[in-house]
Amino acid sequence: MAKSEEKVVRTTVWSAGAGCHGGCGVKLYVKDGKLVRVEGDENHPWNQGRNCPRVLALTQYINHPDRLRYPLKRVGERGEGKWQRITWDEAYDIIEKKLKDIRVEFGAESVIFVQGTGRDIGGPITLLMYSYGSPNWTQLGLVGHSCYTPRQAAMWTTHGDYCVADCSQFLAKRYEDPEWKVPKCIIVWAQNPPSGDPDGFFGHWIVDCMKRGSELIVIDPRVNWIASRAKIHLQIRPSTDGALALAMANVIINEGLYDKEFVENWTYGFEELKQRVQQYTPEWAAPITWIPKEKIIEAARFYAASKPAAIHWGIPIDSCPQGTVVSQAITHLWCLTGNIDNPGGNVIARASHGVTSYPYTQDEMKKLYGEEVFKKLSEKRIGGDRYPMIKNFRAWASEDVILEQMETGKPYPIKAAWIQTNNVLESAADPRRHYEAMKKLDFIVCVDLFHTPTTEAVADIILPAATFAEKDSIRSWWSPLCCTVKALEVDECKSDWQMNFELAQRLTTQPWKYKTLKDMFDERLKVANVTFDELAAKGSWEATPPGPSRPYYRWKRGLLRKDGKPGFNTTTGKVEFYAKLQEQWGLDPMPYYEEPEEGPISTPELWKEYPLIMNSGHRIQAFFHSEHRQIPWLRELEPYPQFEISPETAKKYNVSDGEWVYLENKRGRVKFKARVIPGILHDVIAPTHSWWLPETEGKAPNFFGTFQYNVNNLVPAGTQGRSGWGGAGYKRFLCRIVKIKDQKE
Ligand SMILES: Nc1nc2c(c(=O)[nH]1)N[C@H]1C(S)=C(S)[C@@H](COP(=O)(O)OP(=O)(O)OC[C@H]3O[C@@H](n4cnc5c(=O)[nH]c(N)nc54)[C@H](O)[C@@H]3O)O[C@H]1N2
Ligand SMILES: Nc1nc2c(c(=O)[nH]1)N[C@H]1C(S)=C(S)[C@@H](COP(=O)(O)OP(=O)(O)OC[C@H]3O[C@@H](n4cnc5c(=O)[nH]c(N)nc54)[C@H](O)[C@@H]3O)O[C@H]1N2
Ligand SMILES: [Mo]
């Protein structure tokens with residue numbers, strides 16, 4: 001067929017296909033309703049034409065023979081693998097009846113709404129949940145919701161907004177914009193930017209800054225790509241980042257390296273912080289972090305002397321014991337040095353144009369669903385009575401208390417789960433415990449694109465979801481404002497937005513005001529003075545206009561506070577080193593250090609028995625969490641469950657490169673292949689996470705090998721922090737290596 005008949009759709013990646021938190025612009029080439037190829041959109045300011053292997057492999061994903069294409073109903077016992085094709089109407093009827101019956105008998109709060117990470121799911125799942133009337137929004141097994149929320153909470157209590165490293169992403173002309181300055185120093189703290197693009201940030205922006213002169217301090221137990229190019233690499237013992245941050249604050253304060261003008265005029269509690277950090281000297285931190293004290297001092301001096309300087313951080317911070325406290329200590333570093341909302345520093349990030357596509361704050365929830373509804377539902381949010389941040393910050397229920405409540409049925413029973421974008425048996429800490437708990441539920445719906453260990457083990461109904469190429473959606477995660485535009489259809493797959501929109505109408509207790517999903521998008525886009533179709537016609541994005549959602553120095557210009565006064569969105573109007581909100585919530589208002597609960601310092605006897613720190617889940621480009629194992633081009637990049645180990649440590653335990661071994665601790669054992677690689681810190685091993693083998697049996701008890709290959713079988717649940725957030729154990733628990741004779745997979 002002639003090339004002219006090919007259609008090009010310019011759209012934004014967010015959700016299935018790539019997975020991911022990113023918002024890359026892509027061009028989809030479609031012919032006869034089929035995706036022919038994908039290219040990066042060179043006009044899109046976010047990625048400027050660049051894409052990851054997962055996006056480029058979309059052709060293999062979309063038409064994969066294992067894709068779920070129709071709604072399914074379980075006809076055998078759970079785990080028997082017997083499914084019957086049903087229509088969407090039949091599926092909706094079953095779900096409507098079940099959920100309405102539960103609401104009448106037990107209350108809407110007895111149904112939990114479970115999502116996974118990122119993607120565009122926060123919008124559709126909260127729509128369904130609030131329409132139905134449940135406050136119990138969660139990511140099962142993500143202990144302490146240790147993915148960005150702890151960092152957000154600490155930023156919120158310190159300066160009333162979120163910050164991100166400024167790599168010119170708020171400006172349409174990007175690096176050429178005269179308003180922007182190149183950061184002289186960027187601290188990449190527990191982050192692997194080129195592999196992960198997490199939290200609304202495109203990893204290669206850091207590389208773009210390096211090309212323009214930024215020098216890096218990298219804080220990471222591994223020599224990853226970015227660490228190998230750093231001016232200073234601090235090879236930290238996993239989960240001791242709090243000690244390092246406090247020691248750096250000690251140096252910056254005691255050597256007078258902080259921004260005196262900013263601290264004097266715009267901050268609250270500096271004297272208290274100064275007192276607090278006196279105990280946290282570099283000498284104290286060195287044996288805890290395994291970083292020589294000279295290097296801690298050098299890093300603190302270089303960061304503080306560089307103007308501007310930015311900090312970019314990752315999920316291992318949330319996964320430290322007391323993740324919110326560690327995040328607070330790091331936040332203080334950019335506040336002490338006046339690197340807040342300045343060009344090339346840490347800039348305040350708000351939803352572009354003020355549009356809410358995915359609610360990140362309680363204010364956004366209230367705006368979407370009404371103050372009264374939000375307040376009423378929040379009273380029953382699980383964990384709110386036990387943990388102050390769960391009550392007061394964002395709208396997540398506590399995954400940890402939910403797990404207990406599924407097990408005990410107290411104070412009220414959990415009867416059903418709506419699971420959409422979460423492969424619980426793979427991503428959760430202690431998947432076996434979650435499996436046993438979920439089996440107690442009467443009714444479980446899973447919405448996914450493939451069968452997974454979770455669908456096979458617990459689903460009663462499965463609904464087939466669409467990739468980003470098959471859906472309309474909106475995105476305002478910081479900047480720019482974007483949309484995802486439907487380019488094609490695959491059998492009966494539906495977008496999460498579309499199915500939740502349809503089901504919400506059946507389940508809602510409120511008046512329903514939209515005819516079509518696009519009406520709802522248009523309503524949400526009204527503040528941006530654009531409709532969905534107009535945004536799509538512009539190439540799927542629009543630059544963030546100056547004002548409350550675009551930098552710089554909004555605190556000087558009265559653009560942050562509701563009262564329009566200069567200052568920050570906090571109770572004192574200042575940056576709070578002494579966090580008043582935390583004090584009000586019964587938490588320590590200032591940061592402190594807490595040692596990992598297992599390890600050479602806290603449990604020296606156990607350390608003899610299990611002498612390796614298991615630091616799992618560093619991101620790799622080939623996969624998004626448990627996804628993509630069945631995509632040939634991607635699996636070729638990473639064929640096996642592997643763990644990194646240094647040559648010295650491998651020698652100590654007589655392990656050779658490519659050898660299959662068991663990783664074991666008192667919680668279980670899993671089978672992994674050794675990858676002996678120089679650079680990783682001694683006595684630390686780094687397995688990739690959420691492994692299963694879709695090519696093996698899906699039925700019980702194998703469930704695609706989840707209990708043999710998923711490293712989370714060695715990670716405990718129930719390690720959440722005192723605030724309710726932070727503390728997942730993915731990065732720090734101990735294990736040992738056991739040799740195996742059988743070297744077959
Ligand atoms: N050991 C270890 N474990 C970890 C981590 C770690 O670092 N180490 N990280 C943790 C973190 S930070 C997170 S956020 C979690 C992530 O955990 P999850 O978000 O649960 O990630 P996945 O395991 O990929 O599960 C997502 C499921 O949703 C499906 N899916 C993908 N896109 C869509 C979509 O658009 N619609 C629908 N309906 N379904 C979709 C996928 O096929 C997959 O089955 O994992 C956690 N687990
Ligand atoms: N391709 C791909 N991209 C992804 C994901 C994916 O699964 N695949 N997942 C997405 C999700 S949900 C998230 S949360 C993000 C996470 O992405 P990141 O925030 O980058 O987190 P990780 O990749 O777990 O770890 C980043 C780096 O921190 C190091 N590290 C590990 N433990 C510690 C520690 O205790 N201290 C310090 N200082 N460093 C440590 C690791 O060696 C690694 O190099 O990525 C997102 N992007
Ligand atoms: Mo995450």
Side-chain angles (χ1 to χ4, degrees), residues 14-22 52-54 114-121 124 139-143 145-148 188-193 195-199 203 218-227 234-241 244 289 312-320 419-429 446-455 463-468 471 473 495-496 499 596 613-628 644 680-681 684 686-690 692 710-712 714-715 728-732:
W14 198 19
S15 79
C20 103
H21 305 165
C52 72
R54 302 185 309 284
V114 184
Q115 68 157 81
T117 183
R119 311 177 181 110
D120 66 346
I121 188 60
Q139 183 167 343
L140 275 183
L142 184 69
V143 171
H145 209 91
S146 295
C147 175
Y148 204 44
V188 179
W189 199 319
Q191 246 277 355
N192 194 1
S195 306
D197 302 340
D199 315 323
V218 171
I219 304 168
D220 199 304
R222 298 162 51 240
V223 183
N224 56 16
W225 185 91
I226 205 110
L234 305 179
Q235 265 193 302
I236 192 164
R237 175 165 68 99
S239 290
T240 64
D241 299 85
L244 175 62
T289 57
H312 184 54
W313 55 359
I315 183 239
I317 314 265
D318 303 322
S319 310
C320 290
I419 302 179
Q420 190 170 22
T421 72
N422 187 302
N423 190 355
V424 186
L425 256 61
E426 287 295 327
S427 56
C446 286
V447 188
D448 211 302
L449 294 98
F450 291 91
H451 265 303
T452 68
T454 308
T455 63
L463 302 177
T467 67
F468 75 85
K471 70 159 94 174
S473 184
S495 78
D496 297 295
M499 68 181 88
I613 299 171
M614 199 188 73
N615 189 246
S616 71
H618 59 278
R619 283 14 177 194
I620 49 175
Q621 283 197 342
F623 306 137
F624 197 76
H625 296 289
S626 72
E627 291 182 57
H628 303 111
E644 294 184 0
I680 179 167
L681 197 59
V684 174
T688 47
H689 71 299
S690 294
W692 56 297
N710 177 4
V711 80
N712 284 329
L714 275 57
V715 177
Y730 302 127
K731 310 290 180 187
R732 68 174 182 276

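Note that these values count all heavy atoms, side chains included, but never hydrogens, waters or copies made by symmetry. Each ligand, and each atom within it, is numbered from 1 in the order the structure gives.
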Check each heavy atom of [X] against ligand 2 and say whether those closer than 4.0 Å belong to the side chain, the backbone, both or neither.
{"X": "S195", "result": "backbone"}
{"X": "K731", "result": "side chain"}
{"X": "I317", "result": "neither"}
{"X": "Y148", "result": "neither"}
{"X": "H21", "result": "side chain"}

Check: [Y] main-chain N/O paired with [X] side-chain donor or acceptor under 3.5 Å:
{"X": "N422", "Y": "Q139", "value": "no"}
{"X": "T467", "Y": "A16", "value": "no"}
{"X": "H312", "Y": "A190", "value": "no"}
{"X": "R54", "Y": "Q621", "value": "yes"}

Select one of side chain, backbone, both or neither to describe which atoms of [X] lie under 4.0 Å from any atom of ligand 1, heavy atoms only.
{"X": "I121", "answer": "neither"}
{"X": "D496", "answer": "side chain"}
{"X": "T117", "answer": "both"}
{"X": "F624", "answer": "backbone"}

Should [X] be counted as touching ligand 1, given the test is an N or O pair under 3.5 Å?
{"X": "N423", "value": "yes"}
{"X": "S146", "value": "no"}
{"X": "S626", "value": "yes"}
{"X": "D448", "value": "yes"}

Quick one: does R54 get a heavy atom under 4.0 Å from ligand 2?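 The answer is yes: ligand 2 sits under 4.0 Å from a heavy atom of R54.
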Hey, is S239 one of the residues with a heavy atom under 4.0 angstrom from ligand 2?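 Right, S239 reaches ligand 2.
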Contact atoms of ligand 2, heavy-atom distance to [X] under 4.0 Å:
{"X": "I219", "result": "37 (C), 38 (N), 39 (N)"}
{"X": "P221", "result": "29 (C), 30 (N), 33 (C), 37 (C), 39 (N), 40 (C)"}
{"X": "I236", "result": "36 (N), 37 (C), 38 (N)"}

Short list, please: which atoms of ligand 1 are under 4.0 Å from a heavy atom of [X]?
{"X": "S15", "result": "35 (O)"}
{"X": "A16", "result": "32 (N), 33 (C), 34 (C), 35 (O)"}
{"X": "I315", "result": "12 (S)"}
{"X": "V447", "result": "37 (C), 38 (N), 39 (N)"}
{"X": "C147", "result": "12 (S), 14 (S)"}
{"X": "Q139", "result": "13 (C), 14 (S), 15 (C), 16 (C), 17 (O), 19 (O)"}
{"X": "L142", "result": "10 (C), 11 (C), 13 (C)"}
{"X": "V711", "result": "1 (N)"}

Check this for me - ligand 2, D199, N or O atoms closer than 3.5 angstrom, yes or no? no
Would you say ligand 2 has an N or O under 3.5 Å from any N or O of R222? yes
Can you check which of G196, S495, A428, S616 brings a heavy atom nearest to atom 8 (N) of ligand 1? S616
Pick from V684, L681, D220, T289: which one makes a side-chain contact (heavy atoms from CB on, under 4.5 Å) with I236?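 One option only clears the test, and that one is T289.
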Out of the candidates L234, V218, L244, only one should pair with W189 under the side-chain contact (heavy atoms from CB on, under 4.5 Å) rule; please name it.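 One option only clears the test, and that one is L244.
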Looking only at heavy atoms, which two atoms of P316 and K731 are closest? And how far apart? CG-CE, 3.9 Å
To the nearest 0.5 Å, what is the distance between OG on S15 and NE2 on H21?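 Those atoms lie 12.0 Å apart.
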Judged by modelled atom types alone, do N423 and S626 share a side-chain donor-acceptor pair under 3.5 Å? yes
Measuring from non-hydrogen atoms of R619 to any atom of ligand 1, is the shortest distance under 4.0 Å? yes
